[in-house]
Amino acid sequence: MSQNLRERAPRLQEQQALRERGPRGFHQIALNKVAVLLLAGGQGTRLGVTYPKGMYRVGLPSQKSLYQLQAERIRRVQQLAGERRGTRCTVPWCALSERSALRSPSPAPHQSPNPKPSPSVHPDCTPMPALVSPVCPRSQALLNARPPASPHRYIMTSEFTLRPTADFFREHDFFHLDPDNVVMFEQRMLPAVTFDGKAILERKDKVAMAPDGNGGLYRALADHHILEDMGRRGVEFVHVYCVDNILVRLADPVFIGFCVLRGADCGAKVSPGDVRRRAGPSGPRAPPHPAFPAHLSRLQVVEKAFPEEPVGVVCQVDGVPQVVEYSEIRPETARLRAADGGLLYNAGNICNHFFTRTFLQAVTREFEPLLKPHVAVKKVPYVDEEGNPVKPLEPNGIKMEKFVFDVFQFAENFVAFEVLREDEFSPLKNANSANKDNPATARRALLTQHYRWALQAGAHFLDEHGARLPELPSLPGSGEPPAICEISPLVSYSGEGLEAYLRGQEFQSPLILDENWVQALRP
Ligand SMILES: CC(=O)N[C@H]1[C@@H](OP(=O)(O)O)O[C@H](CO)[C@@H](O)[C@@H]1O
């Protein structure tokens with residue numbers, strides 16, 4: 001029997017208090033005990049690109065890619081933690097990549113991930129020197145690769161998606177992170193089979209293979225000795241996240257702090273489907289988010305659009321925490337309502353997980369073989385008997401995948417952490433031809449968040465004639481904020497520290513608040 005997990009998730013009021021107590025998570029970061037682990041896989045099929053999704057640029061004024069935004073959030077959180085504790089600290093960034101089952105990735109012509117000039121290094125943010133010897137020799141060789149003049153050489157075959165990601169990082173000078181603190185490793189592949197269990201030939205001489213799902217993480221951790229590497233670095237807590245969420249808060253000190261405070265070995269961020277209901281007259285009030293203007297707080301909250309929304313739900317099955325994936329929940333179950341009218345299963349999984357290293361060790365040693373593969377019915381390209389390549393129009397095969405969240409059942413102390421969607425969740429799944437979770441919605445989610453941060457910090461926006469733009473309590477039908485404002489993660493991680501630059505000031509749209517702008521204001 002499944003149960004709603006609402007009772008176990010901390011109330012938003014509690015989170016408000018936690019945000020104010022943020023330093024607890026900062027403390028762990030400052031002690032170099034926190035790493036982030038990126039699930040970088042995903043071949044961008046729904047998005048319609050042939051290169052890793054993290055290289056995608058959604059069309060922000062700065063033209064930053066998802067990877068750049070993420071790297072800059074790491075740099076900022078290192079800086080914030082370091083300033084609070086008076087130390088320099090490092091948040092290692094591990095990235096799990098898939099082998100390409102399809103082709104060598106190349107940039108799409110309309111959305112080229114061409115290098116942009118990298119931002120300058122923030123003087124306060126100098127990562128610690130390298131702490132460890134190499135892990136996975138092949139991956140590490142790749143990551144250490146530098147132009148031929150340097151002592152290291154760049155060695156890689158063309159078959160892996162790891163290669164374009166590593167190339168991209170190198171071309172962008174690792175976004176000014178220390179390459180020794182960026183570790184890439186790859187997951188295994190499994191054969192794709194027909195419905196009656198026969199291998200599918202991709203070429204006459206090659207079986208079609210598919211990555212083993214994001215739950216392939218655990219075998220990959222063991223294959224490449226990543227946990228040993230983390231152990232040598234002193235890492236105790238790992239924030240695992242999915243590449244495609246433009247609002248992801250890497251190493252979120254509030255989430256980390258909450259999980260550590262609760263003594264959790266495993267945790268998940270969830271986005272409630274129906275927060276507005278809770279803010280209504282009969283329910284407890286949603287508190288204003290610290291980086292969220294009070295007058296907007298109860299109007300801007302996103303309500304789950306429809307019960308079949310493609311997000312897994314965090315719930316309990318016979319008292320055991322689990323995620324039931326959207327592809328596996330029956331529509332009538334997804335539509336079930338609680339007594340108060342809201343969706344019964346409203347705790348949407350946003351693919352942000354917390355694990356202790358000890359728990360991950362237990363998983364890789366003991367529990368991983370117990371994870372059951374899930375069946376995904378897919379269109380698998382093949383060759384016909386004459387050797388001609390065929391792209392099937394209907395699903396013709398099965399891929400077996402493990403899911404990252406299937407280890408929740410083994411946790412001794414699992415916690416769910418509820419977050420507001422407009423603050424933390426806008427995934428990039430589809431091309432703009434779809435009406436949601438596409439580049440336009442991701443771009444808008446980020447710019448709207450930054451507009452809110454700017455308003456809350458006391459900024460005013462002007463139109464081209466110098467007249468003040470209205471400060472809208474809710475967005476117009478177009479969903480576009482009245483002014484374009486983009487704030488570099490190097491300036492603000494979650495809306496903090498902006499008053500000094502913005503309070504009482506008037507700006508013409510677009511406002512691009514980056515580290516150079518801030519630098520210019522310094523005496
Ligand atoms: C196996 C897995 O992790 N599935 C996740 C993942 O779905 P994808 O459609 O596979 O990207 O991300 C979703 C959030 O974007 C989350 O709701 C879902 O449960």
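Atoms within a ligand are numbered from 1 in the order they appear, just like the ligands themselves. Residues: numbered from 1 along the sequence shown. All values reported here derive from a predicted model rather than from experimental measurement.
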List the atom pairs, donor and acceptor, that lie under 3.5 Å between side-chain atoms in residues 362-376 and the rest of the protein, sequence neighbours left out.
{"unit_1": "Thr364", "atom_1": "OG1", "unit_2": "Leu360", "atom_2": "O", "d": "3.2"}
{"unit_1": "Thr364", "atom_1": "OG1", "unit_2": "Gln361", "atom_2": "O", "d": "3.0"}
{"unit_1": "Glu368", "atom_1": "OE2", "unit_2": "Lys402", "atom_2": "NZ", "d": "3.0"}
{"unit_1": "His374", "atom_1": "ND1", "unit_2": "Glu328", "atom_2": "OE1", "d": "3.1"}
{"unit_1": "His374", "atom_1": "ND1", "unit_2": "Glu328", "atom_2": "OE2", "d": "2.6"}
{"unit_1": "His374", "atom_1": "NE2", "unit_2": "Asp406", "atom_2": "OD2", "d": "2.5"}

| query | Mind checking whether Trp93 and Phe174 have ring centres under 6.0 Å apart? | reply | no
| said: For a quick check under 3.5 Å, do Arg249 and Asn352 share a side-chain donor-acceptor pair by atom type? | reply: no
| field | Phe359 and Phe355 aromatic ring geometry - parallel, tilted or perpendicular at 30°/60° bounds | value | parallel
| message | Do Val77 and Ile29 make a side-chain contact, defined as non-hydrogen atoms from C-beta onward lying under 4.5 Å apart? | response | yes
Does ligand 1 have any N/O atom under 3.5 Å from a protein N/O, and what are those pairs and their distances?
{"unit_1": "ligand 1", "atom_1": "3 (O)", "unit_2": "Asn214", "atom_2": "ND2", "d": "2.8"}
{"unit_1": "ligand 1", "atom_1": "4 (N)", "unit_2": "Glu325", "atom_2": "OE2", "d": "2.6"}
{"unit_1": "ligand 1", "atom_1": "9 (O)", "unit_2": "Arg46", "atom_2": "NH2", "d": "3.1"}
{"unit_1": "ligand 1", "atom_1": "9 (O)", "unit_2": "Tyr326", "atom_2": "OH", "d": "2.4"}
{"unit_1": "ligand 1", "atom_1": "11 (O)", "unit_2": "Lys429", "atom_2": "NZ", "d": "2.6"}
{"unit_1": "ligand 1", "atom_1": "12 (O)", "unit_2": "Lys429", "atom_2": "NZ", "d": "3.4"}
{"unit_1": "ligand 1", "atom_1": "15 (O)", "unit_2": "Lys429", "atom_2": "NZ", "d": "2.8"}
{"unit_1": "ligand 1", "atom_1": "17 (O)", "unit_2": "Gly312", "atom_2": "N", "d": "2.9"}
{"unit_1": "ligand 1", "atom_1": "17 (O)", "unit_2": "Asn349", "atom_2": "O", "d": "2.6"}
{"unit_1": "ligand 1", "atom_1": "19 (O)", "unit_2": "Gly312", "atom_2": "N", "d": "3.3"}
{"unit_1": "ligand 1", "atom_1": "19 (O)", "unit_2": "Glu325", "atom_2": "OE1", "d": "2.6"}
{"unit_1": "ligand 1", "atom_1": "19 (O)", "unit_2": "Asn349", "atom_2": "ND2", "d": "2.9"}

| query | Just by distance, with hydrogens left out, do Ser62 and Glu486 show a side-chain donor and acceptor under 3.5 Å apart? | reply | yes
